[in-house]
J.: 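Encoded as structure tokens, here's the structure I'll be asking about.
To find a chain, count down the sequence lines: A is the first, B the second, and so on, and within it residues start at 1.
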There are 2 protein chains.
Amino acid sequence: MSPEPRELLKNTGLRTTAPRIAVLEWLADHPHATADQVARGVRAKLGSVSTQAVYDVLHAFQRTGLLRRIEPAGHPARYETRIGDNHHHLVCRRCGKTEDVDCVHGAAPCLEPSATAGFAVEEAEVLFWGLCPDCQSAQRSQP
Amino acid sequence: MSPEPRELLKNTGLRTTAPRIAVLEWLADHPHATADQVARGVRAKLGSVSTQAVYDVLHAFQRTGLLRRIEPAGHPARYETRIGDNHHHLVCRRCGKTEDVDCVHGAAPCLEPSATAGFAVEEAEVLFWGLCPDCQSAQRSQP
DNA sequence: ACGTTTTCTTGAACTAGTCAAGAAAACGAC
DNA sequence: GTCGTTTTCTTGACTAGTTCAAGAAAACGT
């Protein structure tokens with residue numbers, strides 16, 4: 001389904017290394033994972049990988065457009081491989097759980113602010129804040 | 001124009017103290033200021049105020065709805081007194097400068113995601129990322 | 001196989017913000 | 001006014017998430 005990690009790396013001009021492949025594989029299975037979760041996942045596959053390596057890999061992927069980083073206020077950043085389709089996110093205020101939401105207003109939605117104040121706008125980011133199902137029930141038991 | 005700080009505090013049930021008044025005054029003049037900028041501004045007026053006091057004041061105001069906090073990825077949080085009208089923000093990727101944008105699609109815009117995955121959505125946040133005028137010209141001279 | 005370039009390891013550092021304990025100031029009742 | 005309670009402010013240590021720096025190691029192109 002998703003393109004082979006090795007292929008992806010080659011096409012992007014990045015060297016193929018074990019950590020990179022592992023990161024791609026993990027993120028394919030676990031979208032919206034945090035850097036820490038990625039690190040654990042990768043270590044589970046490869047034995048030991050330094051934290052720095054994970055961050056470097058994530059940065060390289062971001063730079064080359066293989067990955068998108070979302071950084072919800074008050075929560076660690078999360079990474080996803082679904083890119084280029086301008087979708088948005090639901091974020092749980094309590095636990096940070098993140099889900100995709102397709103764009104409401106067609107393809108490029110709120111992409112055009114009414115007045116740009118001279119800014120060169122490149123991207124519109126839409127975050128829906130709320131409580132995920134789990135945290136809703138947790139809230140009910142102990143408010 | 002803007003309601004008297006003392007009035008505001010009384011109406012909200014908060015005690016009126018010098019730091020609180022100074023924070024409200026500073027933010028009225030400097031919307032989208034960071035906690036650090038607020039601290040400096042308040043210190044300029046009052047002599048010395050602890051960092052913690054500034055954060056406590058900001059938190060109290062947030063809790064009571066006097067203030068809204070925006071936390072653009074990669075930049076320190078910013079605070080604004082314009083609240084309750086669901087407007088959005090332009091943020092400069094480079095320097096973090098933030099400006100208001102009125103909502104594109106009427107009053108409550110993208111407030112309704114297509115599918116909520118069971119989330120109880122309370123708020124929609126829209127951020128337009130780009131380069132502010134200053135950083136555009138800075139970019140041109142040294143890329 | 002060789003040399004260059006890129007990536008990974010180790011370990012220290014940094015920023016924005018939080019926690020904790022006590023001193024001080026503001027409100028409400030008398 | 002003054003007293004007692006409640007809330008706020010000061011000081012200073014601490015944290016999470018991420019980045020910086022230097023060198024060792026691995027991948028690619030020839």
J.: Measure from the side chain of D56(A), starting at C-beta and using heavy atoms only, and say which of dT18(C), dC8(C), dG17(C) lies closest.
T.: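 When the side chain of D56(A) is considered, dC8(C) is the closest of dT18(C), dC8(C), dG17(C).
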J.: Pick the closest DNA chain C nucleotide for Y55(B) and for A53(A) by heavy atoms, then say which residue is nearer the 5' end.
T.: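 Residue closer to the 5' terminus by nearest nucleotide: A53(A).
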J.: Using a cut-off of strictly less than 4.0 Å, decide whether T51(B) has a side-chain nitrogen or oxygen near OP1 or OP2 of dT10(D).
T.: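 For T51(B), the contact criterion (side-chain N or O under 4.0 Å from OP1 or OP2 of dT10(D)) is not met.
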J.: May I ask you to verify if any side-chain N or O of H59(B) is less than 4.0 angstrom from the OP1 or OP2 atom of dT18(C)?
T.: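 Yes, H59(B) has a side-chain N/O under 4.0 Å of OP1/OP2 on dT18(C).
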J.: Should we count CZ of R68(A) as having more than 12 external heavy atoms under 6.0 Å?
T.: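 Yes, CZ of R68(A) has more than 12 neighbouring heavy atoms, counting only those of other groups under 6.0 Å.
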J.: Taking the side chain of Q52(B) as its heavy atoms from C-beta onward, which of dT18(D), dT8(D), dG12(D) lies nearest to it?
T.: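 When the side chain of Q52(B) is considered, dG12(D) is the closest of dT18(D), dT8(D), dG12(D).
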J.: Between atom CD in E71(A) and atom P in dT15(C), what is the gap in whole Å?
T.: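 Between P of dT15(C) and CD of E71(A): 17 Å.
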J.: So, is T16(B) near the phosphate of dC27(C), with a side-chain N or O under 4.0 Å from OP1 or OP2?
T.: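 Yes, T16(B) has a side-chain N/O under 4.0 Å of OP1/OP2 on dC27(C).
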J.: Please give, in whole Å, the distance from dA16(D) P to D36(A) CG?
T.: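 My rounded result for the distance is 11 Å.
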J.: Can a side chain N or O of R15(A) be found less than 4.0 Å away from OP1 or OP2 on dT4(C)?
T.: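 No, outside the criterion.
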J.: Regarding dT7(C), can its base be found pairing with the side chain of R20(A) as donor and acceptor, where the two atoms are less than 3.5 Å apart?
T.: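 Under the 3.5 Å cut-off, the side chain and the base do not form any donor-acceptor pair.
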J.: Which atom pair, heavy atoms only, marks the closest approach of S48(A) to R43(A)?
T.: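 The answer is CA-CG, 4.4 Å.
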J.: Can you name the one residue among E80(A), E99(A), R82(A) that meets side chain to side chain donor-acceptor pair (under 3.5 Å) with H32(A)?
T.: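 Only one option passes, and that is E80(A).
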